[in-house]
Amino acid sequence: MEELTLEITDLPGDPVEIPYARIEGRAGEGPHLTVVAGVHGCEYTGMAAVMRLIARLDPETLRGTVTAVPILNQPAFWSRSAFVVPADGKNLNRCFPGDPGGSYTDVLAHEIFTPIIAPSDYLLDLHAGDLPEALEPFCLYEESDVEDRARRLALAYGLGHVVRQSSASRTVGGSTSSAAADIGIPAIIAEVGANGICDEASVERHLRGVLAVCAELGMLPGEAHAEAGAASVAPVEYDGWIWMRSAVRGFWQPAVTTGQDVTEGELLGVLLDPLGRELDRVLAPAAGCPLFLTTSPAVVSDGLLLGLATR
Ligand SMILES: [Zn+2]
């Protein structure tokens, strides 16, 4: 295992150091798989899973190379900042592939994308529900020229729900997976865990997913796949999703939970005024399944309420 540090010095303010590991397999030829976590600063389950991956991978049984970055967004991690980088308030996962002439987070994205993501054959980006967010485990990939290979990664990861995001209606642009897909790298975002909690079950589920992908790509022996507890049930696949935002500022009281099928017109929740009177009722615009849900009642106007995956 090679210990490396990505040093980023041309940011306004203090330099950023991102420690990571590279494991070169000695069991034969194979692809270069990059596994990152901590793109969002308080999504800890993936970070812990990547740390365990580094300890677990044995070069003697590995084919190909794994680059593993446990905590990518160092500024957001150390400041315990949900979703955004404090320096400019931007979401790193909307800024890839980055811009060397942009603001803090654009530069950070560029300095990460070029050496870490661009040289990969495959990319796994591990997330969870951030501090104010419940979540049902799912994988996401983009419509692209390499989407068949990205879907294969998503299915191998073994979570219950898989969302394909079409390029025409890309709900989320500038993400690791969309920027990777744009340059021909099959990539997925895998989401397990919720509310900024680093729980054991979610950490292990992430780790099993990564090991299952390694086996699927022929980088680990097949037994690792079985040992990893590969999914025996095919996941539900979705053609896209609707990110629902609030029309008003209010005290958000969801009426549904993540992973629950809802019908068109079903009540998803209400927003109350400061004295508890109903301001707005939020109805499902289509049948679907909420895969993430804001659990914090504090929702501003245009604030994100939930992500409704649709078939
Ligand atoms: Zn995230």
Side-chain angles (χ1 to χ4, degrees), residues 18 34-51 53 68-86 88-98 105-106 108-109 112-113 116-117 123-142 150 153-154 157 159 161-163 165 170-181 187-199 202-203 205-207 209-210 238 241 243-245 258-259 290-296 303-309:
I18 306 174
T34 295
V35 186
V36 304
V39 168
H40 290 135
C42 306
E43 299 177 2
Y44 304 118
T45 55
M47 302 179 199
V50 176
M51 290 174 185
L53 178 73
V69 192
I71 308 170
L72 199 66
N73 191 341
Q74 291 278 328
F77 173 75
W78 290 110
S79 60
R80 297 179 181 161
S81 171
F83 301 117
V84 299
V85 177
D88 59 4
K90 287 188 179 177
N91 185 332
L92 177 62
N93 216 27
R94 306 288 178 271
C95 295
F96 289 107
T105 307
D106 300 310
L108 183 64
I112 289 167
F113 192 82
I116 300 282
I117 295 178
L123 173 71
L124 304 179
D125 180 13
L126 280 49
H127 288 244
D130 216 314
L131 295 171
E133 198 175 52
L135 186 142
E136 184 72 15
F138 68 94
C139 284
L140 169 74
Y141 69 96
E142 333 284 326
L153 303 182
Y157 210 91
L159 304 179
H161 304 264
V162 170
V163 180
Q165 203 165 241
R170 224 178 234 181
T171 313
V172 184
S175 68
T176 50
S177 59
S178 63
I188 62 169
I189 289 178
E191 303 259 7
V192 187
N195 294 108
I197 298 165
C198 192
D199 67 293
S202 298
V203 174
R205 201 157 180 199
H206 258 317
L207 180 61
V210 177
Y238 302 89
W241 53 356
W243 283 33
M244 299 194 59
R245 295 182 175 276
T258 55
L291 293 182
F292 69 81
L293 174 70
T294 298
T295 50
S296 166
L304 192 55
L305 297 173
L306 56 93
L308 184 68

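Read the numbers this way: they start at 1 and go in the same order the structure lists the ligands and their atoms. Just so we're clear, the structure is a prediction, and the values are computed from it rather than from any experiment.
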Q) Could you walk me through whether L126 and E43 pass the side chain to side chain contact (heavy atoms under 4.5 Å, CB included) check? A) CA-CA 9 Å; L126 280 49; E43 299 177 2; over 6 Å; no
Q.
Could you go through Y141 and I189, starting from their C-alpha distance and side-chain angles, then the distance that decides it, and tell me whether this counts as side chain to side chain contact (heavy atoms under 4.5 Å, CB included)?
A. CA-CA 7 Å; Y141 69 96; I189 289 178; over 6 Å; no
Q.
Determine whether C95 and D106 satisfy the following criterion, side chain to side chain contact (heavy atoms under 4.5 Å, CB included), listing intermediate values before the conclusion.
A. CA-CA 6 Å; C95 295; D106 300 310; 3.7 Å; yes
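Under 3.5 Å, the side chains of S177 and E142 contain a donor-acceptor pair of N or O atoms.
The minimum distance between the Zn ion (ligand 1) and any N, O or S atom of H40 involves atom ND1. H127 contributes ND1 as its N, O or S atom closest to the Zn ion (ligand 1).
Residue E43 counts as close to the Zn ion (ligand 1), with an N, O or S atom under 2.8 Å.
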